[in-house]
Amino acid sequence: MSEEKLQPKDVEPEVAPRPRATVAHVEIDGEGVLYDEVSNQIHLLNPIATLIWSGLDGRTTLEELSAELSDAFGADLDRVRFDVLEAVRGFAEEDLLEDRGAPPPEDAEAAQEASDEPRYLKDPPSP
Amino acid sequence: MSDRETDAAGATALEEQRRALEEQRRALDDAPWSYRGPRLHALGFDFGIRANDGEVGAYLGGLFEAFEADGEPDHVYSFIARPEEEMRYSLYFDGEHVVSSREAGGALRYFQWDVNERVIARNRGYILIHAASAADETGRGIVMPAAMDSGKTTLVSGLVRAGLRYLSDEAAAVDPRTGVLHAYAKALTIDPGSWDVLPDLRPSLEGRLAPFAQDQWYVPADSIRRGAVASSARPAFVIAPRYVGEGRTELLPLSRAQALQTLVENAFNFRLFDGRMALTVLADLVRGAECYRLMVAELPEACDLVLELVEASGEGGTE
């Protein structure tokens, strides 16, 4: 799969972005702090943005993440999807994400078979 | 000129520069020095001071007395005072000319800056944060991160005067292996804007030493109170000060994530470390600390708030 910088205009429900390898993340008392080694910038995330960031693992599409959060919090899916896309566009604007080139839906099953890894992990892998 | 010729010319120029530096170093080594100070060691930077004027040398050495160590220094600053010349004061680092100045205050300010630069800019041993730092008697450290002109030196001066121990007015040094806060106990550098609130810290310099305190006061913490300098502490508080002039002096809660952001934003050498490791070290620091923003309008009130906080936290058995 290709790995390239995710542009805000490319943030759509079917993409599965993940943090760039140069972005370090810690969570303290429910708030996330990101440090980008390339830009030497630090970013503070509110608790909701922290949850969304934690779900970006390069395998989970934003639609799947939205459904997950919607289920977990009993919130309206459309509303959650809107918030997720907005937050992820913000991350992309700060150049914090890359897109592993999530396969289109019709190829997803074949891609899954070719991979040893499960398509979706409930718990995000350690960064 | 071809690339090869350009390279050769550059190499020759470098060699000439190296020779000139070596000659200068030998000339300085052979000069008579009225003052030769002890080895000084600050966060890995190792140096000594010598001066052609014994009184001036002893004064300069006294400003760095918290760094005194046994043995011979790796490097040496040479401070030359020549009252009869236009450029009265000159400073060399090993054989290299650092600065010449007509004014004693100007030369000393540059000297302090040069030491700071050599200690801080290339330091790979400690995560260095632009912050004042102090400790209480039980070894709990207070990190006070802030940008320039936020009142760090004024606040830590007031706290040391009120009984806390001094670590630094410039850089909080965090050992990434242990998380322990180490001293960079340079002389407190007090700007004229704070002279009115710290009048008792005015250095009593006379004669040809008096001009050294014209621009800034350089106050070794031990001159405030013998034994005021601590060597290290466990970080227990992060208090980000901000001078608010006519506003209200108050201590406001800061989330630990905000405190971490403030520490990273004020780190001098974060980029020299692996970002993930350094972020984890500072995250662990704030996880073990109480974090606040301190709005400072009046120094005595600000010091009281910090001292009350430290005392109350001790009573609660936090550390």
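First the proteins, then the strands, lettered A, B, ... as listed; each starts at 1. Everything numeric in this text was worked out from a predicted model, so none of it was measured. Any value given below was found using the heavy atoms of this structure, including those in side chains, with hydrogens, waters and symmetry copies removed.
When all heavy atoms are compared, the tightest approach of F270(B) to L279(B) is CZ-N, 3.6 Å.
Between I190(B) and S157(B) there is a side-chain heavy-atom pair separated by less than 4.5 Å. At a threshold of 4.5 Å between non-hydrogen side-chain atoms, the residues E14(A) and E63(A) do not count as touching. Contact check for R109(B) versus Y218(B): side-chain heavy atoms found under the 4.5 Å cut-off.
The choice from E265(B), Q261(B), R271(B), R287(B) that makes the most heavy-atom pairs within less than 4.5 Å of chain A is R271(B).
Atom CG of L43(B) is separated from atom CG of N123(B) by 6.0 Å, given to the nearest 0.5 angstrom.
Contact annotation for residues 71-95 of chain A against chain B (heavy-atom separation below 4.5 Å): no residues qualify.
Remark: R118(B) qualifies as a cation-pi partner of F93(B) under the 6.0 Å distance and 45° angle criteria applied to the six-membered ring.
Judged as a ring pair (Phe, Tyr, Trp, His ring centres under 6.0 Å), the pairs with a partner in residues 114-144 of chain B (not counting sequence neighbours) are, in order, Y126(B)-H182(B), H130(B)-F268(B).
Residue Q41(A) does not touch chain B at all, counting heavy-atom pairs closer than 4.5 Å. For R256(B), the parts lying near chain A are the backbone and the side chain together; criterion is any non-hydrogen pair under 4.5 Å.
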